[in-house]
Asker: 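Attaching a single structure in structure tokens format; questions to follow.
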Amino acid sequence: MLDIALIRQKPDWIKEQIEKLGDEAALARIDAIVELDRQRRAIRTRIETEQAARNKLNRAMGVLRGSKTMTDGEKAMRAQTASAAIGVRDYDRASAILEASEAVGGAVPADAAAFEELIRELRIMGDQINDGFKQAETIESELRDNMLWIPNLPHESVPVAASEDDNVAGAIQGALREFDFDPKPHWELGPALGIIDFERGVKISGSRYYVLKDWGARLQRALISFFLDTARANSYREVYTPYIVHREMLYGSAQFPKFEDTVYGLAEEDKFLLPTAEVAITNLHRDEILEEAELPLSYVAHSPCFRSEKASAGRDVRGIKRVHQFEKVEMFKFTRPESSYDELETMTEQAEAICAQLKVPYRRLEIVTGDLGFSATKKYDIEIWSPGCEEWLEVSSCSNTEAFQARRAMLRYYPSDSRKSRYLHTLNGSGLATPRVMIALMENYQQADGSIEIPDVLRPYLGGAAVIPMT
RNA sequence: GGAGAGGUGGCCGAGUGGUUUAAGGCGAUGGUCUUGAAAACCAUUGUACGGUUCUCCGUACCGCAGGUUCGAAUCCUGUCCUCUCCGCCA
């Protein structure tokens, strides 16, 4: 979520930023937000003043009614005079009459029904205030609904361009391998080696599901361990989180409301399967206020990721590039606002270093405004070349969201020199995602006979084996 | 899944309809005292939003959501969570 005060102060500047993202629908909401915010503040100011008067009158009435020093006649006389004052909305005078320490003179005769009259006036007042609160609630929920659909704004360093085709590719790291045979795609290598079983995956769960067997299952487990150990060596704390989370957590990490149809929900509870561990980690410190001395807080978690992929029906249907269930190791940082961009560089370099250790050709993509997505202010993708399917595969995406998620999930910290809390910045990056890394390894390390060499760094995780053999 | 008990500030804990505008204690922070520290004493104490503009003021928040009432931490309903026991279970 953006800072409402910023929208209030610089609506035109906000619109310019959103224009760079190409989000026309969000652009159209800004004027409505400015107006709703104005209405909200006007109505709140009014009802809070009325509420203050009402609270004071109610307290004063309680004290008056309980007074043991005052005669019933005096009480009734005060109640009656105060009722009249409330009737003409002179609340200050009404409470002054009820609270006065010395006897209040007046020509109004005491009346047995005086308290009834006072209660009646207070009830009318209360009804008016309640109507006001209901109006405010309607406006506030409409305002919030609009705010939730506004994307994060791009950082000034992000290249302005319309689409993913304009993303700025960095130099290729590592040499593309020269084959003396035709490299095969993984969807041929996998079944031939008996390590990917597409038919049985489909039998059990349908299209875009698969079964890993023997060396395939072990290779995935090795990769997960390798990724986690690497992150741990980089001072990330390893965490294991629930894979099923409350609806509110998806709002906190900004998947909802915009991407609700990409996530799997449970039928019997209003809970959802993680599309990424980022959702769980973002909300780890929800509603907390951390101390600056603890920052940055870095976490790493492995989790399965469940995605419905409705938006890409018919695309990438072959192989395991785009599936409903995959494994990912996610790096995440909670930082001070001042250091989030430095941390983004560090995190991206760490993701690249994993590719380098696996000795596969990779490159970094600087994402342009039109492809930034909903919550990032700046983003880098890491892609690995896969010679079999002949394409660059995105294996990591590292983003800074600044305070966008922090505002939604109430992630704050106290600066060391102040007791006034500030929002944290959050960063996330894959480190890495397994099916695509497995594709890259199979296709880059394949031998002429169909067997696959195992990269050096993974051998300790596979009992020292050097090759996945043809059987 | 069944039965019972319970959810109050950073923590403990009092509070069964109106000076509770949440007591008291612990902790934390600042101060006094001290060569320094401890102890003692004094003061301060959360979050969000709005108004004001550098100082305050107001509103809301006692798990959450409704309801009753002129007025709710307190009464009613629903719901979530925690604990204890029983059942089931990797």
Side-chain angles (χ1 to χ4, degrees), chain A residues 1 3-9 33 36-70 75-76 78-80 82-87 91-92 94-101 113-137 139-141 143-144 147 240 242-249 266 268-271 285-294 403 406-424:
Chain A
M1 216 147 47
D3 182 357
I4 183 70
L6 187 64
I7 299 180
R8 189 184 300 151
Q9 287 154 18
I33 286 172
L36 286 165
D37 175 58
R38 193 191 61 73
Q39 289 177 19
R40 184 187 85 91
R41 283 178 299 135
I43 197 163
R44 281 219 89 93
T45 305
R46 181 172 69 75
I47 60 182
E48 285 180 3
T49 306
E50 285 177 19
Q51 180 76 314
R54 179 210 195 192
N55 286 345
K56 200 174 176 195
L57 288 166
N58 271 322
R59 274 196 302 274
M61 168 162 147
V63 175
L64 177 69
R65 185 178 251 189
S67 169
K68 295 196 170 73
T69 57
M70 218 179 281
K75 289 181 185 178
R78 287 189 185 209
Q80 196 164 343
S83 304
I86 294 169
Y91 304 132
D92 289 342
S95 48
I97 291 163
L98 292 177
E99 287 176 334
S101 51
F115 271 98
E116 300 299 320
E117 177 63 13
L118 179 55
I119 285 169
R120 203 177 67 81
E121 290 293 349
L122 285 170
R123 184 188 295 131
I124 291 167
M125 211 179 153
D127 288 346
Q128 285 169 353
I129 291 166
N130 285 344
D131 286 350
F133 271 115
K134 284 200 179 95
Q135 278 180 52
E137 273 168 30
I139 290 167
E140 277 164 17
S141 94
L143 176 61
R144 178 177 163 77
M147 288 292 285
Y240 169 83
Y243 299 156
I244 294 174
V245 296
H246 288 297
R247 172 180 288 275
E248 264 310 303
M249 307 303 122
L266 303 191
E268 66 278 5
E269 281 185 282
D270 196 28
K271 292 178 182 171
H285 296 293
R286 165 180 275 268
D287 297 327
E288 295 179 20
I289 306 178
L290 306 173
E291 295 294 337
E292 182 168 2
E294 301 176 75
R407 277 190 207 94
R408 290 177 173 229
M410 293 302 276
L411 311 168
R412 291 157 296 168
Y413 77 102
Y414 287 122
S416 42
D417 59 354
S418 155
R419 281 282 99 180
K420 187 157 173 54
S421 68
R422 301 174 71 196
Y423 288 112
L424 294 159

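Values below: every heavy atom of this structure, side chains too, minus hydrogens, waters and symmetry copies.
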Asker: With rounding to whole Å, what would you report as the distance between B:A60 and B:A65 at their C1' atoms?
Answerer: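 About 16 Å, rounded to a whole number of Å.
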
Asker: Nearest whole Å is fine: how far is B:G17 P from A:M61 CE?
Answerer: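 Atom-to-atom, A:M61 to B:G17, this comes out as 16 Å.
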
Asker: side-chain contact (heavy atoms from CB on, under 4.5 Å) with A:P415: which residues, sequence neighbours excluded?
Answerer: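 Partners of A:P415 by the side-chain contact (heavy atoms from CB on, under 4.5 Å) criterion, ordered by chain and then number, come out as A:E292, A:Y413, A:D417, A:S418, A:R422.
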
Asker: When both hydrogen-bonding distances must be under 3.5 Å and the geometry is Watson-Crick or G-U wobble, what is B:C75 paired with, if anything?
Answerer: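 The base-pairing partner of B:C75, which may sit in any strand shown, is B:G67.
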
Asker: For nucleotides B:G17 and B:C75, find the distance between their P atoms and express it as a whole number of Å.
Answerer: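 Rounded to whole Å, the distance is 9 Å.
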
Asker: Who pairs with A:R144 by side-chain hydrogen bond (donor to acceptor under 3.5 Å, both in side chains), at least two apart in sequence or on another chain?
Answerer: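 With neighbours one apart ignored, the set is empty.
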
Asker: Apply side-chain contact (heavy atoms from CB on, under 4.5 Å) to A:E121 and list each qualifying residue two or more places apart in sequence or on a separate chain.
Answerer: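 Applying side-chain contact (heavy atoms from CB on, under 4.5 Å) to A:E121 gives A:S83, A:I86, A:E117, A:I124.
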
Asker: So, is A:R120 near the phosphate of B:C70, with a side-chain N or O under 4.0 Å from OP1 or OP2?
Answerer: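 No, because none of the side-chain N or O atoms of A:R120 sits under 4.0 Å from OP1 or OP2 of B:C70.
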
Asker: Using Watson-Crick or G-U wobble geometry with both distances under 3.5 Å, which nucleotide pairs with B:A14?
Answerer: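 When the pairing criteria are applied, nothing turns out to pair with B:A14, so the answer is none.
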
Asker: In Watson-Crick or G-U wobble terms, both distances under 3.5 Å, what is the partner of B:U82?
Answerer: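 Its partner is B:A5 (Watson-Crick or G-U wobble, both distances under 3.5 Å).
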
Asker: Taking a pair as Watson-Crick or G-U wobble with both distances under 3.5 Å, which nucleotide is matched to B:C33?
Answerer: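 For B:C33, the partner nucleotide comes out as none, under the 3.5 Å rule.
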
Asker: Along nucleotides 47-59 of chain B, 5' to 3', which nucleotides get a B, which get an S, and which get a -, given that the test is a protein heavy-atom distance under 4.0 Å?
Answerer: SSSSS------BB

Asker: Roughly how far apart, to the nearest Å, are B:G15 and B:U20 at atom P?
Answerer: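 Taking atom P in both B:G15 and B:U20, they lie 15 Å apart.
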
Asker: Between B:G78 and B:C83, how many Å separate the two P atoms, rounded to a whole number?
Answerer: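 Between the two P atoms, the distance is 23 Å.
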
Asker: State the pairing partner of B:U59; accept Watson-Crick or G-U wobble contacts with both distances under 3.5 Å, and report none otherwise.
Answerer: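 Here B:U59 is engaged in a pair, and the nucleotide opposite it is B:A48.
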
Asker: Within this structure, what is the CG-to-P distance between A:N58 and B:G17, rounded to whole angstrom?
Answerer: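 Value for this atom pair: 17 Å.
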
Asker: Once you apply the 3.5 Å cut-off to both distances, tell me the Watson-Crick or G-U wobble partner of B:C54, or none.
Answerer: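 Pair assignment: B:C54 / none.
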
Asker: Donor-acceptor pair, A:R247 side chain versus A:D270 backbone, under 3.5 Å?
Answerer: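 A pair under 3.5 Å: no.
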
Asker: Test of understanding: with ring pair (Phe, Tyr, Trp, His ring centres under 6.0 Å), list the residues that count as partners of A:F133, not counting sequence neighbours.
Answerer: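 For A:F133, no residue satisfies ring pair (Phe, Tyr, Trp, His ring centres under 6.0 Å) once neighbours in sequence are set aside.
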
Asker: Do you know the tightest heavy-atom contact between A:T45 and A:R41?
Answerer: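 Shortest heavy-atom separation between A:T45 and A:R41 comes out as OG1-O, 2.7 Å.
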
Asker: May I ask you to decide whether A:R123 forms a salt bridge with A:D127, counting only side-chain N to carboxylate O separations under 4.0 Å?
Answerer: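 Salt bridge absent between A:R123 and A:D127.
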
Asker: Is there a Watson-Crick or G-U wobble partner for B:A39 with both distances under 3.5 Å, and if so, which one is it?
Answerer: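 Partner of B:A39: none found under 3.5 Å.
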
Asker: For A:E288 and B:G10, give me the distance from atom CD to atom P, rounded to whole Å.
Answerer: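 The answer, rounded to whole Å, is 12 Å.
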
Asker: Report the distance from atom CZ of A:R54 to atom C1' of B:G18, rounded to the nearest whole Å.
Answerer: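 The distance from CZ of A:R54 to C1' of B:G18 comes to 14 Å, rounded to the nearest Å.
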
Asker: Taking the P atom of each, how far is B:A39 from B:G30, in whole Å?
Answerer: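 Looking at atom P only, B:A39 and B:G30 are 15 Å apart.
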
Asker: Under the rule for side-chain hydrogen bond (donor to acceptor under 3.5 Å, both in side chains), what residues qualify as partners of A:R286, not counting sequence neighbours?
Answerer: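 Partners of A:R286 under the side-chain hydrogen bond (donor to acceptor under 3.5 Å, both in side chains) test: A:N283.
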
Asker: For nucleotides 64-69 of chain B, which of its nitrogen or oxygen atoms have a protein nitrogen or oxygen under 3.5 Å away, and what is each distance?
Answerer:
none

Asker: Could I get the full list of side-chain contact (heavy atoms from CB on, under 4.5 Å) partners for A:A406, not counting sequence neighbours?
Answerer: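 Expected list: A:A403, A:L411, A:Y423.
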
Asker: May I ask which nucleotide in the shown strands pairs with B:C88, Watson-Crick or G-U wobble, both distances under 3.5 Å?
Answerer: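 WC or wobble partner does not exist here.
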
Asker: Determine the Euclidean distance between corresponding C1' atoms of B:A23 and B:C76; express it in Å to zero decimal places.
Answerer: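 Straight-line distance between the two C1' atoms is 27 Å.
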
Asker: Expressed as a whole number of Å, how far does the P atom of B:U74 sit from that of B:A90?
Answerer: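 44 Å, rounded to whole Å.
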
Asker: Taking all non-hydrogen atoms of both residues into account, name the closest pair between A:R46 and A:G132 and its distance.
Answerer: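 It is NH2-CA, 4.4 Å.
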
Asker: When rounded to the nearest Å, what value does the distance between P atoms of B:G2 and B:C70 take?
Answerer: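 Taking atom P in both B:G2 and B:C70, they lie 39 Å apart.
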
Asker: side-chain hydrogen bond (donor to acceptor under 3.5 Å, both in side chains) with A:R40: which residues, sequence neighbours excluded?
Answerer: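 In terms of side-chain hydrogen bond (donor to acceptor under 3.5 Å, both in side chains), with neighbours along the sequence ignored, A:R40 is linked to no residue.
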
